[in-house]
Amino acid sequence: MKDLKSQASKSTTPGKGGLTPEIQSRIGHQLRAMYDDVVRQGVPDRFAELIKKLDAPGGESRNENGAGGSNDNNGRD
Amino acid sequence: MPLTNSLRDDILAAVPSLRAFAISLSGNADRADDLVQETLLRALANIDSFQPGSNLPAWLFTILRNLFRSDYRKRRREVEDAEGNYAKTLKTQPSQNAHLEFEEFRTALDKLPQDQREALILVGASGFSYEDAASICGCAVGTIKSRVNRARSKLAALLYVDGAEDFGPDETVRAVIGGSGG
């Protein structure tokens with residue numbers, strides 16, 4: 001935006017390649033229109049679910065006992 | 001950093017613009033969503049390498065951009081159905097006139113060299129600074145600036161010099177073109 005402002009004074013002077021501020025702003029407008037159309041669609045369920053799923057702790061098998069319990073049962077009675 | 005709830009929310013919040021970036025780059029909605037999915041999987045798998053407090057969108061865009069480029073090298077855009085496929089993704093179908101104009105723009109955008117197209121999208125549509133865009137593309141700031149300028153000039157030449165009549169009365173544009181009607 002600040003670029004446009006600084007160039008606005010020489011508004012009808014073609015830049016290199018015929019790029020006037022008007023044309024430049026028109027290109028910017030179309031580019032953003034194309035882009036924002038997609039942005040406005042929000043987050044498709046597909047991705048919301050993907051992130052939700054991956055957020056859950058990886059394996060559901062969280063057996064905390066048995067990990068460090070050295071089974072020192074010599075079984076000699 | 002670990003995947004906290006707030007980081008997860010931030011990633012989700014970046015999804016709409018990641019999709020827009022992917023569609024703008026590839027011109028193909030289905031492929032774009034595959035790119036976004038792959039980007040999210042990579043990001044989550046490598047979340048430990050994300051620096052807390054740094055620019056999350058820029059980090060995600062970098063992943064997507066690199067994925068796109070490696071993919072691109074493999075299969076040089078076998079599906080060139082840019083505007084047809086893209087139009088299907090629009091919620092509100094543009095009016096006939098606007099649609100034509102849109103298709104022309106999309107076609108012109110696809111004619112740009114890839115370096116220029118991505119630079120223009122990052123700066124002109126995603127709203128990244130030249131510095132962020134340079135870091136996303138792995139090049140110097142000056143390189144990004146000149147790519148953006150060349151992209152704009154080329155689009156101007158493609159859209160507003162050859163096909164100027166399509167855009168209705170615009171005195172400035174006509175003056176520039178010199179009013180050489182057919």
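Labels below follow one simple rule: chain letters A, B, ... track the order of the sequence lines, proteins then strands, and each chain is numbered from 1. All values reported here derive from a predicted model rather than from experimental measurement.
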Over 12 non-hydrogen atoms of neighbours within 6.0 angstrom of CZ in B:R42 | no
B:L120 portion near chain A, given a 4.5 angstrom heavy-atom threshold = both
Under a 4.5 Å heavy-atom cut-off, does chain A meet the side chain of B:L155, its backbone, both or neither?
-> both
Roughly how far, to the nearest 0.5 Å, is [atom2] of [Y] from [atom1] of [X]?
X      : Y     : atom1 : atom2 : value
B:R152 : A:I27 : CZ    : CD1   : 8.0 Å
B:S126 : A:R32 : OG    : CZ    : 11.5 Å
B:E104 : A:Q30 : CD    : CD    : 8.5 Å

Distance-minimising heavy-atom pair for [X] and [Y]:
X     : Y     : answer
B:S17 : A:Y35 : O-OH, 3.2 Å
B:R8  : A:I51 : CG-CG2, 3.1 Å
B:P16 : A:V39 : CB-O, 3.4 Å

May I ask you to name which of A:P44, A:A48, A:G28 has the most heavy-atom pairs under 4.5 Å with chain B?
-> A:P44
Under 4.5 Å between any side-chain heavy atoms of A:L31 and B:L109, yes or no?
-> yes
In a check of side-chain contact (heavy atoms from CB on, under 4.5 Å) between B:F105 and each of A:H29, A:M34, A:R26, which one passes?
-> A:M34
Keeping to residues at least two apart or across chains, list the ring-ring contact (aromatic ring centres under 6.0 Å, His included) pairs with something in residues 22-46 of chain B.
-> none
Max heavy-atom pairs within cutoff under 4.5 Å with chain A, candidates B:V36, B:I11, B:L41, goes to B:V36
Could you list the residues that satisfy ring pair (Phe, Tyr, Trp, His ring centres under 6.0 Å) with B:F61, not counting sequence neighbours?
-> B:F21, B:F128
